[in-house]
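Notes follow once the structure below has been shown.
Counting begins at 1 with the first residue of the sequence. Being a predicted model, the structure only gives us computed values, none of them experimental.
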Amino acid sequence: MADDKLDIKVTYSRYHDIAPGNIDALHAHSDNELLAEIGYKAELKRRFSTLQVFGVAFSIMGLLPSIASVLATALSAGATSLTWGWFLASFGVLLIGISMAELGSAIPTSGGLYYWSHFYAPEKWKIPISYIVGNTNSVALVGALCSVDYGFAGEVLAAVVLQKDGDFVITSGKTYGVYAACVVSHIAVTCFASNFVSRLQTFSICCNLGLIVLFFIAVPIGCAKNGVPFNDGKFIFGNNENFSPDWNKGWNWMLCGIMPSVWTIGAFDSCVHMSEEARNATRSVPIGIIGSITACYSLGFFICIVLAACMGPDVSAIIHSEFGSPIAQIIYNALGKNWAIAFMSLIAFCQWLMGASILTAISRQIWAFARDNGLPFCSFVKVVNKKLSTPIRAVFYGGILALIMGCLCLIGTTAANALFSLYIAGNYFSWGTPIFLRLTSGRSKFVPGNFYLGDRLSPIIGWSSIVFIVFVIILVMFPADSVVTKDTMNYTVVITPGVMILAWIYYFAYGRKIFKGPRSNLEEPSEYHEGDPIGEDEEIAIVTSMRSAKDEIKAIKSRLSSPEA
């Protein structure tokens, strides 16, 4: 090749000749070969171990901080709604997790939920169903970040109230200020290289478990030392009160007992969204899902028991704490002001780690959906920073959405609670759709991965999880009181359908022109720059050669200055 020619080099996936769609997780030779069967080339580094995939979900659940955020609701029907409500609801969540783990083991990809919906749906409905699931899941995950960071703001401000001995007024503006600062800090941290983010999950596991152990030891000892009476087993498992002015005791128990566990043990689909960064994904994804749910199910039940035992007999005084946080009141009664401030600070820090983990999962879902042209500005959002192996633009996309949606905090607590409910309703819809389709229209297409409970037990668990999902979606739409006012209105019935309606409008107006469902990018070349590292699943190809502009000018000048010219 002549010296005045410039080689244009690109990299291709080594598996670009694989025909996507024939997915067999059990017989694929590597994670990236399986990913190629699904239809995608590897663009992210696989730096997450099984423990770290588990850590993403476990950190997002952030057990003690999450329970602290919803404790007022959990106690609104007495101690039984806290303890038995947790026990029963967590079992339903575990059934969903098992069904999702089977799907994640069979087809592990970052866009799992909308990909599965497309794969198992009837031919006529594949694209619109896939689109609405991908859109709803993306917004619901952002809602989860909003609710986590809103809880963080509440815990930080509760610590300030403790420090000021109650001489501090918590306003909507102050709450949003702390919330916004928290979101911005998460954007900054999540933009780091994926190996740093993966190690952050291990650190988060240690912090959350350490906080729980400290709580189990310190609070009961503090109660015994400071004369706070322990509640007996009859109170812990039998105290049933009704702090709702309108709902009857039975329905209020249902509303207050089911929701805390449903809100806390959620976002386990984050393991699915980390599939393309997980080593041995067909195994680590189901372990991450089921392991995180089981750990939170058991540990959370014991936390509820300790809280019910140590809060004293006056449930109303705990719910209506002057600190604005029931758990702050319980710790204050047991350990005093300084310990309460320290505990609330530790809880807030673990809550912050929850937000960092969930923004990681959000960015991977947004990146995957943008890769398939499912989001506005998708061509900009789907770019991966090769040096950091991180979809930085997707991180900013999710963070900015959280800042916008978080403006509900400025309206007040009732509107802000819609962020909790949006996250639940949206995610449960997104989880339930592929499970339902796999059991019906996609039954013959399902090829199990490493995790599968068999042809008899798997459908039983699947249909049971569908029943629980439908029940939760209905439950989450109910207002706090039967008499609906602007203060008791549950805005979930407006926001969740509103998000879906807007998504449909965008789809029919523009989205359907570019979103054709999950599409293979195996044949798409990536530009290779001299000195760039080549992955083991990539190969370099010289696409063409051309005269460089600089050399072309030199050649023209040379010809013009020659005697023959």
Side-chain angles (χ1 to χ4, degrees), residues 59-60 62 65-66 68-70 138-164 168-192 197 200 204 263 266-267 270 323-325 328 341 344-366 375-377 381 390-424 426 491-492 495 498-499:
S59 177
I60 290 172
S66 293
S69 297
V70 295
S138 300
V139 175
L141 284 171
V142 175
L145 175 62
C146 293
S147 60
V148 166
D149 286 2
Y150 181 76
F152 169 84
E155 287 154 6
V156 168
L157 293 173
V160 175
V161 174
L162 283 165
Q163 179 63 42
K164 299 286 187 179
F168 182 82
V169 179
I170 299 175
T171 65
S172 298
K174 292 173 184 175
T175 301
Y176 183 78
V178 177
Y179 165 89
C182 184
V183 173
V184 170
S185 68
H186 288 147
I187 294 173
V189 168
T190 311
C191 285
F192 279 102
V197 176
L200 184 64
S204 183
W263 185 80
S270 57
F323 304 128
S325 170
I341 294 171
M344 292 307 297
S345 299
L346 290 172
I347 288 173
F349 177 67
C350 288
Q351 185 101 354
W352 184 89
L353 290 173
M354 289 170 60
S357 295
I358 200 166
L359 184 54
T360 301
I362 291 168
S363 65
R364 274 51 174 183
Q365 159 61 20
I366 287 174
L375 289 174
F377 315 111
V381 176
T390 301
I392 290 178
R393 298 178 184 182
V395 172
F396 274 88
Y397 194 100
I400 291 170
L401 278 179
L403 289 172
I404 295 170
M405 290 170 58
C407 289
L408 282 171
C409 299
L410 296 171
I411 299 175
T413 303
T414 304
N417 285 339
L419 298 173
F420 290 64
S421 303
L422 168 65
Y423 144 62
I424 294 169
Y491 290 92
T492 311
I495 293 175
V499 167

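At a threshold of 4.5 Å between non-hydrogen side-chain atoms, the residues L353 and F152 do not count as touching. Side chains of V139 and M405 form a contact here, defined as non-hydrogen atoms less than 4.5 Å apart. K174 has its side chain out of reach of V160: every pair of non-hydrogen atoms, C-beta onward, lies at least 4.5 Å apart. For the pair Y179/C146, a side-chain contact is recorded, criterion being any heavy-atom separation below 4.5 Å from C-beta on.
Of all heavy-atom pairs between S363 and T360, the closest is OG-O, 2.7 Å. When all heavy atoms are compared, the tightest approach of V156 to A348 is CG2-CB, 4.0 Å. When all heavy atoms of Q163 and I341 are compared, the closest pair comes out as OE1-CD1, 3.1 Å. Considering all non-hydrogen atoms of both residues, Y423 and A267 come closest at OH-N, 3.5 Å. Between D149 and V183, the shortest heavy-atom contact is OD2-CG2, 3.2 Å. The shortest heavy-atom contact between I347 and A68 is CG2-CB, 4.4 Å.
Here the CG atom belonging to L401 is positioned 6.0 Å from the CD1 atom belonging to I366, to the nearest 0.5 angstrom. Here the SG atom belonging to C182 is positioned 10.0 Å from the CG atom belonging to L403, to the nearest 0.5 angstrom.
Considering only residues two or more places apart in sequence or on other chains, S185 meets the side-chain hydrogen bond (donor to acceptor under 3.5 Å, both in side chains) condition with W352.
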